[in-house]
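Beneath this line is the structure, given in structure tokens, with notes to follow.
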Amino acid sequence: ALQAENSLYMAYEMLQTFKTLNVKWKNLYNINDIYLRIGIHCGIATVGSFGPEDRLSFTAIGKTVNIASRLEQACTEDSILISNDVKQLIPGVVVTQVQSLQIRGIEQHIDVYTINEPYSLNKPT
């Protein structure tokens with residue numbers, strides 16, 4: 001539960017930081033805003049190394065990573081979507097059910113939520 005709460009807190013902090021950076025970058029470099037879309041799911045993931053020995057690359061794969069990636073794709077700009085599995089680990093966070101996603105390769109629909117009150121999260125120590 002602590003890891004799920006920490007991941008939500010980190011995601012919220014990332015969104016706030018990007019809002020600040022967008023203002024700074026707009027003033028300094030006159031560039032368009034950069035938006036984040038964050039999807040959070042929990043479960044078992046497999047981490048493997050790929051490529052030749054001199055250029056090894058590590059990546060996480062599996063059902064958990066697939067679901068998190070699909071949540072990210074379903075997100076609106078500057079928002080966080082969490083799965084029901086994450087919601088169950090953090091009973092104090094206030095959320096709104098956004099939709100139920102059917103994800104290719106996953107039999108059941110995944111209920112997803114957006115966070116209403118990010119301030120209800122405990123800051124990690």
Side-chain heavy atoms of [X] within contact of [Y], under 4.5 Å:
X: Asp85; Y: Leu89; answer: no
X: Leu8; Y: Ile115; answer: yes
X: Val47; Y: Thr59; answer: no
X: Gln99; Y: Leu101; answer: yes

Stepwise side chain to side chain contact (heavy atoms under 4.5 Å, CB included) test for Leu15 and Ile38: CA-CA 9 Å; Leu15 289 178; Ile38 300 173; 4.2 Å; yes
Would the distance check show the side chain of [X] and the main-chain N or O of [Y] forming a donor-acceptor pair, the cut-off being under 3.5 Å?
X: Asn22; Y: Phe18; result: yes
X: Arg37; Y: Cys75; result: yes
X: Ser69; Y: Val65; result: no

Using side-chain hydrogen bond (donor to acceptor under 3.5 Å, both in side chains) as the criterion, list what pairs up with [X], not counting sequence neighbours.
X: Asn84; answer: Gln88, Tyr113
X: Thr76; answer: Ser79
X: Thr64; answer: none

Distance-only side-chain donor-acceptor flag, His41 / Ser83, under 3.5 Å: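 Indeed, the side chains of His41 and Ser83 share at least one donor-acceptor pair under 3.5 Å.
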